[in-house]
Asker: 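Mind looking over this structure? Questions follow.
Labels below follow one simple rule: chain letters A, B, ... track the order of the sequence lines, proteins then strands, and each chain is numbered from 1. Keep in mind that the numbers below use all heavy atoms, side chains included, and drop hydrogens, waters and symmetry copies.
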Amino acid sequence: MAVAIAAGRVWRPNRGLSQQQQFSSLDDKPQFPGASAEFIDKLEFIQPNVISGIPIYRVMDRQGQIINPSEDPHLPKEKVLKLYKSMTLLNTMDRILYESQRQGRISFYMTNYGEEGTHVGSAAALDNTDLVFGQYREAGVLMYRDYPLELFMAQCYGNISDLGKGRQMPVHYGCKERHFVTISSPLATQIPQAVGAAYAAKRANANRVVICYFGEGAASEGDAHAGFNFAATLECPIIFFCRNNGYAISTPTSEQYRGDGIAARGPGYGIMSIRVDGNDVFAVYNATKEARRRAVAENQPFLIEAMTYSPSPILPPDPHSREPTLTWGPLPLCRIGHHSTSDDSSAYRSVDEVNYWDKQDHPISRLRHYLLSQGWWDEEQEKAWRKQSRKKVMEAFEQAERKPKPNPNLLFSDVYQEMPAQLRKQQESLARHLQTYGEHYPLEHFDK
Amino acid sequence: MAFVAAAAGCLLRLRAAGAERHWRRFRGVGLARGFLHPSATVEDAAQRRQVAHFTFQPDPEPREYGQTQKMNLFQSITSALDNSLAKDPTAVIFGEDVAFGGVFRCTVGLRDKYGKDRVFNTPLCEQGIVGFGIGIAVTGATAIAEIQFADYIFPAFDQIVNEAAKYRYRSGDLFNCGSLTIRSPWGCVGHGALYHSQSPEAFFAHCPGIKVVIPRSPFQAKGLLLSCIEDKNPCIFFEPKILYRAAAEQVPIEPYNIPLSQAEVIQEGSDVTLVAWGTQVHVIREVASMAKEKLGVSCEVIDLRTIIPWDVDTVCKSVIKTGRLLISHEAPLTGGFASEISSTVQEECFLNLEAPISRVCGYDTPFPHIFEPFYIPDKWKCYDALRKMINY
């Protein structure tokens with residue numbers, strides 16, 4: 001089919017097949033519209049290379065030391081501190097909200113443990129007006145863009161301050177002024193949407209890039225294939241950012257794909273691709289920065305696959321530490337948490353696996369090592385910041401708990417821009433129903 | 001799924017080497033030539049392909065919108081798209097094969113006029129087309145997506161139902177994709193069989209957040225399509241493909257709007273209400289004439305036009321007057337949109353009903369090829385059902 005359609009472009013339509021092109025007999029080059037390639041007369045299948053896959057770009061070693069000085073982004077102190085504080089504040093918020101779900105205060109939660117580096121590293125490399133399409137584990141991007149704790153909590157509690165008007169499960173954040181498109185649960189649906197938004201940005205000469213985050217599991221969806229192919233053929237300024245944390249709920253990557261991860265797929269679509277160490281904030285930063293520059297300048301897509309590890313249960317506090325509970329200290333990494341609060345990953349993860357990552361690597365500890373070695377941070381500041389960030393989170397948390405939920409009338413609005421007559425009738429019928437049966441409903445928690 | 005075929009007299013897209021030869025030859029000729037013409041080489045009349053099951057009835061020339069021109073359905077679509085791209089610099093049209101003019105010629109000339117960044121082909125991927133369109137609309141630009149046949153809209157079902165329809169609601173109105181319109185050829189065409197004849201409006205009727213619109217004629221199509229494009233909600237616009245060439249009438253050259261969610265009483269009557277949309281409106285119009293002539297029965301004929309949100313008031317008002325309702329659509333009976341209308345009307349107008357509400361629809365089968373004449377809810381089936389209602 002593609003041959004037939006493409007043929008119309010290459011062959012002059014009004015000639016008919018009687019007048020074929022004359023090939024010089026000794027120069028037998030292929031003329032197929034579908035591929036630009038030479039002939040080969042030896043039967044040979046291309047062997048996919050999964051033993052030594054696409055190499056993983058990193059800037060810092062596990063002790064936070066720059067490996068290759070020419071790759072050092074030389075970020076100013078303020079920016080690196082912002083990176084650090086965003087990650088740690090997110091981590092603190094995650095711990096508290098995870099706990100609050102276990103205690104039945106919110107219905108659901110997803111932590112970002114171990115992936116904080118992918119969020120802030122990439123967010124720091126973008127312009128604040130670059131549009132973000134996320135999956136559901138990118139709260140660090142919002143955190144970096146200074147989304148207030150109050151609003152994170154409001155969405156999780158579905159309270160009267162929630163800009164989403166209480167309609168979605170926790171962690172489905174959205175923020176128009178920070179250019180973060182509201183999260184939706186279906187996986188990978190955001191991918192072709194992000195491509196469309198990038199196309200519109202290109203047409204508008206906006207000098208904006210669109211970034212689209214997704215996990216390695218979501219990359220198996222048809223929408224991912226659709227998005228990659230459209231981005232390449234329609235020449236869109238978009239960064240595809242895949243967080244590969246090794247697991248999609250309980251499914252390890254060995255059951256998710258057989259090729260060399262997601263980065264290897266990029267070239268199949270004609271997309272510039274790279275694999276980076278997701279625990280290395282500077283590597284994530286550098287790759288995103290360069291991808292952004294070129295995506296906008298050249299109107300082409302870029303694919304970044306950031307490797308991290310998937311979390312596990314929160315480990316009990318270090319018995320030797322004098323800190324009370326809830327520190328991020330030497331903490332386990334990677335999707336160190338469960339997939340979500342509906343998940344118990346001890347069922348599919350071995351303790352050894354988790355402990356290795358725990359002790360070896362984490363974006364927060366790596367960056368802290370860097371900060372310490374630069375003389376930009378010390379134990380005093382660390383202690384003070386832990387206290388301060390915990391206090392901020394607890395205050396926002398307590399406030400969010402106290403606020404009422406939105407008025408039940410908000411169940412009915414925004415289905416369409418205008419409310420259809422039939423829906424208004426349904427809204428009125430609920431109002432009448434509540435007048436008689438209101439005692440059976442939790443009206444006291446809702447705004448009047 | 002994406003096993004669609006381009007058209008050339010028959011609806012199968014040709015593959016392999018010989019394909020482009022046919023493709024080039026029929027490209028200039030256009031699709032529908034083969035639709036309603038009996039084959040010239042077949043002598044046996046019994047084997048000739050059926051003539052159409054309806055007669056297109058043009059509406060009187062509209063006077064209030066300025067100069068008109070005779071246009072068929074695909075030309076009226078082109079005109080609406082032309083108007084849209086002219087006045088809205090953000091508007092873009094995309095889908096499979098739209099660049100050369102589209103398999104039904106709806107986009108002919110638009111790429112030359114507006115540029116390749118505004119009228120362009122996409123890869124063959126419906127979920128991508130709709131997802132991409134949503135993304136354009138999220139930025140506020142106008143996205144006009146084409147799905148080549150409504151039969152192939154299903155890969156995009158998730159994007160339409162889970163994403164487009166819910167964008168505004170789930171974000172608390174922070175984001176929306178209201179400037180998305182999806183257009184798609186729809187309905188029986190005489191020989192389309194399972195995958196070139198479907199009417200999937202019922203699947204989408206069950207989805208709050210989108211609008212579904214189906215015109216009966218070129219004049220209606222242009223006004224309704226312009227309203228869909230300008231509407232601040234994602235819309236699906238189904239185009240009865242059998243009417244692309246068969247329906248021609250005077251259509252204003254300038255843009256105009258026909259409101260959504262408003263049914264039209266195209267003929268007043270007192271004894272029975274007939275409701276349909278798209279091609280079937282012409283069938284029930286003819287049934288109304290038959291009823292008048294043979295039974296002395298006066299029918300009120302309603303074109304629903306918008307499937308959701310639908311105009312309950314106009315239909316109920318009519319049934320309160322007549323006491324009898326017949327709804328007809330090509331789509332299968334069970335779960336078809338007639339069931340929604342029937343259910344609502346009996347709730348609202350129970351005591352006014354003189355007879356059970358009648359639905360004359362396709363059978364609960366996939367849309368057959370050779371059996372199409374038996375499958376479709378033609379005027380005889382509608383007439384028979386009407387007669388039974390009158391005699392109830």
Asker: Can you tell me which portion of B:F94 sits under 4.5 Å from chain A's heavy atoms? Options are side chain, backbone, both or neither.
Answerer: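 For B:F94, neither part sits under 4.5 Å from chain A.
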Asker: Below 4.5 Å, heavy atoms only, C-beta onward: do A:H172 and B:R170 meet side chain to side chain?
Answerer: no
Asker: Would you mind checking which part of B:D117 comes under 4.5 Å of any heavy atom in chain A, side chain (CB onward), backbone (N, CA, C, O), both or neither?
Answerer: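 Both parts, backbone and side chain.
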Asker: Side chains of A:R167 and B:K166: does their closest heavy-atom pair fall under 4.5 Å?
Answerer: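 No, every pair of side-chain atoms sits at 4.5 Å or beyond.
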Asker: A quick test of your reading: do over 12 heavy atoms of other residues, nucleotides or ligands sit less than 6.0 Å from NE2 of B:H206?
Answerer: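 No, the 6.0 Å shell around NE2 holds no more than 12 heavy atoms from other groups.
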Asker: With chain A as the partner, which of B:N176, B:I210, B:D313 has the greatest number of non-hydrogen pairs under 4.5 Å?
Answerer: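 That would be B:I210.
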Asker: Please list all pairs meeting side-chain hydrogen bond (donor to acceptor under 3.5 Å, both in side chains) that have one or both residues in residues 128-147 of chain B, counting only residues at least two apart or in different chains.
Answerer: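 Qualifying pairs: B:D88-B:T142, B:E146-B:R183.
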Asker: What residue in A:A206, A:A198, A:G166, A:C175 has the most heavy-atom pairs under 4.5 Å with chain B?
Answerer: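 Among A:A206, A:A198, A:G166, A:C175, the one with the most close pairs to chain B is A:C175.
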Asker: If you count heavy-atom pairs under 4.5 Å with chain A, which of B:A137, B:G128, B:P123, B:A143 comes out on top?
Answerer: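 Ranked by heavy-atom pairs under 4.5 Å with chain A, first place is B:P123.
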Asker: Mind ranking A:K176, A:R203, A:Q155, A:Q168 by heavy-atom pairs under 4.5 Å with chain B and telling me who comes out on top?
Answerer: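 Going by pairs under 4.5 Å, I would pick A:R203.
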Asker: With a 4.5 Å heavy-atom cut-off, do A:Y416 and B:I308 have their side chains touching?
Answerer: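 With C-beta onward as the side chain, the pair touches.
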Asker: Which one wins on heavy-atom pair count under 4.5 Å against chain B: A:K202, A:H225, A:K165?
Answerer: A:K165
Asker: Sort A:F180 into side chain, backbone, both or neither according to what part of it lies under 4.5 angstrom from a heavy atom of chain B.
Answerer: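 The answer is the backbone of A:F180.
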Asker: Indicate whether any N or O donor in one side chain lies under 3.5 Å from an N or O acceptor in the other, for B:Q127 and A:D223.
Answerer: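 Checked: B:Q127/A:D223 side chains pair up, N/O donor to acceptor below 3.5 Å.
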Asker: Select one option (side chain, backbone, both, neither) describing which atoms of A:S185 are under 4.5 Å from chain B's heavy atoms.
Answerer: neither
Asker: Looking only at heavy atoms and a cut-off of under 4.5 Å, which of A:G174, A:C236, A:G222 has the most pairs with chain B?
Answerer: A:G222
Asker: About how many Å separate CG of B:L180 and CD of A:Q193, when rounded to the nearest 0.5 Å?
Answerer: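 Reported value, rounded in 0.5 Å steps: 10.0 Å.
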Asker: Taking the six-membered ring for Trp, are the ring centroids of B:F120 and A:Y199 within less than 6.0 Å of each other?
Answerer: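 Centroid separation for B:F120 and A:Y199: below 6.0 Å.
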Asker: At a heavy-atom distance under 4.5 Å, which candidate from A:D162, A:T233, A:L163 has the highest pair count against chain B?
Answerer: A:L163
Asker: To the nearest 0.5 angstrom, please state how far the CD atom of A:E418 sits from the NZ atom of B:K232.
Answerer: 10.5 Å
Asker: Name the region of B:D173, side chain, backbone, both or neither, that has any atom closer than 4.5 Å to a heavy atom of chain A.
Answerer: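 Both parts, backbone and side chain.
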Asker: If every non-hydrogen atom of B:G172 is compared with every non-hydrogen atom of A:D414, which pair is closest and at what distance?
Answerer: C-OD2, 3.9 Å
Asker: So which part of B:V130 gets closer than 4.5 Å to some heavy atom of chain A, the side chain, the backbone, both or neither?
Answerer: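 When you check distances to chain A, no heavy atom of B:V130 falls under 4.5 Å.
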Asker: Is the count of non-hydrogen atoms from other residues, nucleotides or ligands lying under 6.0 Å from B:F203 atom CZ greater than 12?
Answerer: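 No, the 6.0 Å shell around CZ holds no more than 12 heavy atoms from other groups.
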Asker: Based on non-hydrogen pairs under 4.5 Å, which of A:S184, A:A231, A:A204, A:P420 is most in contact with chain B?
Answerer: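 Ranked by contacts with chain B, first place is A:S184.
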Asker: If I measure from the heavy atoms of chain A, does B:P89 come under 4.5 Å with its side chain, its backbone, both, or neither?
Answerer: backbone
Asker: Would you indicate whether B:K317, at its atom NZ, is surrounded by more than 12 heavy atoms from other residues, nucleotides or ligands within a distance under 6.0 Å?
Answerer: no
Asker: Please tell me if the side chains of B:F132 and A:L234 come closer than 4.5 Å, counting only heavy atoms from C-beta onward.
Answerer: yes
Asker: First locate atom OG1 of B:T344, then atom CD of A:Q422, and finally report the distance between them rounded to the nearest 0.5 Å.
Answerer: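 Between B:T344 OG1 and A:Q422 CD, I get 6.5 Å after rounding to 0.5 Å.
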Asker: More than 12 heavy atoms of other residues, nucleotides or ligands under 6.0 Å from CD of B:Q262: yes or no?
Answerer: yes
Asker: Mind ranking B:V138, B:N162, B:V312 by heavy-atom pairs under 4.5 Å with chain A and telling me who comes out on top?
Answerer: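 Result: the option with the highest number of such pairs is B:V312.
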Asker: Is B:I129 close to A:F230 at the side-chain level, that is, under 4.5 Å between some pair of heavy atoms?
Answerer: yes
Asker: Can you tell me if A:F32 has over 12 outside heavy atoms packed within less than 6.0 Å of its CZ?
Answerer: no
Asker: Could you pull out the closest heavy-atom pair between B:Y169 and A:L411, with the gap in Å?
Answerer: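 Taking B:Y169 first and A:L411 second, the nearest heavy atoms are OH-O, 2.7 Å.
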Asker: Answer with side chain, backbone, both or neither: which region of A:F133 has an atom nearer than 4.5 Å to a non-hydrogen atom of chain B?
Answerer: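 For A:F133, the side chain is the part near chain B, not the backbone.
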